[in-house]
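Before any comments, here is the structure.
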Amino acid sequence: MRWLSFLLVGVSSGVAFAAAIVPGFGRRRSHSGGPTESVQSSNHAREIAHLSPAPGMNELAGSIAHELNQPLTAITSNAQAAREYLASGPCDPAEVREILDDIVADASRASEIVRRVRALILGEAPSAIHFNVGEVVDQAIALVDANARARSVLVSREVADSLPRAVGDPMEIQLVLLNLLSNALDAVESVRPHGERSASILAQERNGMVVVSVRDNGCGVEPGQLERIFQPFYSSKHKGMGLGLSFSRALVERNGGRLSAIRNSNTGMTFELSLRTEDASQDLRGSVLPLAPRGIHPLHHGGKNDERNAANGMYRR
Ligand SMILES: Nc1ncnc2c1ncn2[C@@H]1O[C@H](COP(=O)(O)OP(=O)(O)OP(=O)(O)O)[C@@H](O)[C@H]1O
Ligand SMILES: [Mg+2]
């Protein structure tokens with residue numbers, strides 16, 4: 001059961017990864033993306049896709065599993081919560097509706113992941129939307145919130161004023177942020193059983209790029225391992241797949257950006273994600289992502305909130 005959930009979670013990231021990894025993905029067809037996203041599914045995006053490395057099928061399959069796990073686990077947990085709430089006696093319809101809304105949002109995320117995988121297999125170009133980075137940051141934080149709280153990690157964010165819009169596929173960038181936050185939670189938990197556990201996201205403009213930094217005060221990485229951590233299947237964790245960073249880097253590069261790892265001078269790591277920007281006059285307004293669910297709904301009876309939250313975050317530990 002747990003294995004199945006894990007397998008499923010990886011799908012959303014897997015789509016982008018497929019394009020980034022599998023030769024020929026994203027090249028055969030050239031029509032534009034979905035009707036409302038109406039991006040400029042541009043030649044530029046296709047050119048970027050051509051730059052991507054060629055991963056193996058094991059990496060592709062593993063990455064799909066890696067990314068689908070989070071929405072599927074959240075769906076299961078919220079459905080269980082709704083069932084228990086309904087069995088507990090008179091219910092507030094507004095509360096039930098709220099839980100159902102979150103289930104719908106998570107299902108929508110999962111299907112977006114699958115849609116991208118299909119697009120990759122069909123050779124469609126990646127999206128190139130002008131998107132609000134602060135919005136994507138907030139959605140990623142909302143998605144890890146229950147998991148972070150269950151693990152007593154304080155997650156903060158700072159988005160610079162007047163930050164230009166980035167160009168790329170916001171859902172793929174959201175997946176990257178989820179992977180980086182997931183690693184940050186693991187890293188702080190591993191070395192700080194009782195002390196302050198923190199992870200922060202800072203988004204700012206630098207040299208014409210939007211740079212999103214994910215910083216933690218966790219265990220850090222030895223200097224000699226800095227590039228190794230981006231290799232597929234490298235993991236120092238007991239149950240790690242070692243696919244989060246390799247997949248994330250492939251996604252970022254497919255979107256014309258860069259992903260690098262920096263050791264903090266004091267403790268922990270900072271991962272920097274640099275994204276392209278374009279002329280603000282070409283902005284496409286409005287949200288392009290399915291709304292992030294508000295989180296996992298606490299069980300109304302039984303006092304198992306912590307267990308549930310831990311089970312529902314994007315992390316498997
Ligand atoms: N924030 C971090 N702090 C310390 N080490 C990190 C951090 N992020 C990644 N690492 C190191 O890089 C390795 C690879 O990370 P990656 O996300 O690719 O795989 P993983 O987290 O081990 O497994 P999974 O495939 O489930 O994500 C980790 O096992 C860990 O050793
Ligand atoms: Mg990871």
Side-chain angles (χ1 to χ4, degrees), residues 2-14 16-17 20-21 53 55-56 58-73 113 140-141 143-144 147-148 151 153-156 172 174-192 195-202 212-253 259-273 310-311 313-317:
R2 182 178 171 186
W3 177 84
L4 181 61
S5 298
F6 176 70
L7 201 65
L8 290 174
V9 171
V11 168
S12 64
S13 326
F17 194 46
I21 303 180
N58 283 346
E59 290 148 75
L60 178 56
S63 296
I64 290 171
H66 192 265
E67 303 306 317
L68 275 186
N69 189 42
Q70 186 269 332
L72 292 178
T73 308
I113 291 166
I141 290 176
L143 287 167
V144 301
N147 191 25
R151 298 162 82 175
V153 181
L154 180 68
V155 180
S156 59
E172 294 182 9
Q174 185 193 82
L175 291 172
V176 172
L177 291 177
L178 288 173
N179 277 312
L180 298 179
L181 284 168
S182 172
N183 283 342
L185 297 191
D186 290 342
V188 295
E189 190 174 48
S190 69
V191 288
R192 296 180 174 270
E196 181 197 304
R197 301 172 175 182
S198 70
S200 60
I201 299 188
L202 169 66
V212 185
S213 309
V214 180
R215 182 185 179 94
D216 66 65
N217 66 347
C219 59
V221 173
E222 290 301 313
Q225 303 289 313
L226 274 180
E227 271 309 308
R228 208 172 158 209
I229 60 176
F230 289 98
Q231 291 171 6
F233 302 115
Y234 170 80
S235 179
S236 62
K237 299 171 192 172
H238 183 50
K239 291 180 179 171
M241 284 185 83
L243 287 173
L245 285 180
S246 60
F247 179 66
S248 295
R249 180 174 263 183
L251 284 183
V252 171
E253 292 183 355
L259 178 62
S260 55
I262 302 155
R263 300 174 75 238
N264 298 336
S265 54
N266 44 4
T267 180
M269 292 294 295
T270 298
F271 285 82
E272 277 196 357
L273 161 63
M314 70 173 292
Y315 313 103
R316 299 168 299 286
R317 287 170 290 280

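Both ligands and their constituent atoms are indexed starting at 1 by order of listing.
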(message) side chain to side chain contact (heavy atoms under 4.5 Å, CB included) for Leu259 and Leu180? Distances and angles first, verdict last.
(response) CA-CA 10 Å; Leu259 178 62; Leu180 298 179; 4.1 Å; yes
(request) Go through Asn183 and Ile229 one step at a time and tell me if the side chain to side chain contact (heavy atoms under 4.5 Å, CB included) criterion holds. (result) CA-CA 11 Å; Asn183 283 342; Ile229 60 176; over 6 Å; no
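Close approach to Asp216 involves these atoms of ligand 1, each under 4.0 Å from a residue heavy atom: 1 (N), 2 (C). Ligand 1 places these atoms under 4.0 Å from at least one heavy atom of Cys219: 4 (C). Close approach of ligand 1 to Val221 is summarised as follows: ligand atoms under 4.0 Å from at least one heavy atom of the residue are 4 (C), 5 (N), 6 (C). If you number the atoms of ligand 1 from 1 as listed, the ones under 4.0 Å from a heavy atom of Leu245 come out as 9 (C), 12 (O), 15 (O), 16 (P), 17 (O), 18 (O). For ligand 1, the atoms closer than 4.0 angstrom to any heavy atom of Ser235 are 20 (P), 22 (O), 29 (O).
At least one N, O or S atom of Asn183 sits under 2.8 Å from the Mg ion (ligand 2).
In this structure, Gly218 falls outside the shell of residues with a heavy atom less than 4.0 angstrom from ligand 1.
With a heavy-atom cut-off of 4.0 Å, Phe230 does not touch ligand 1 at all. At a heavy-atom cutoff of 4.0 Å, ligand 1 is contacted by both the backbone and the side chain of Met241. Contacts of Ser248 with ligand 1, taken as heavy-atom pairs under 4.0 Å, are absent altogether.
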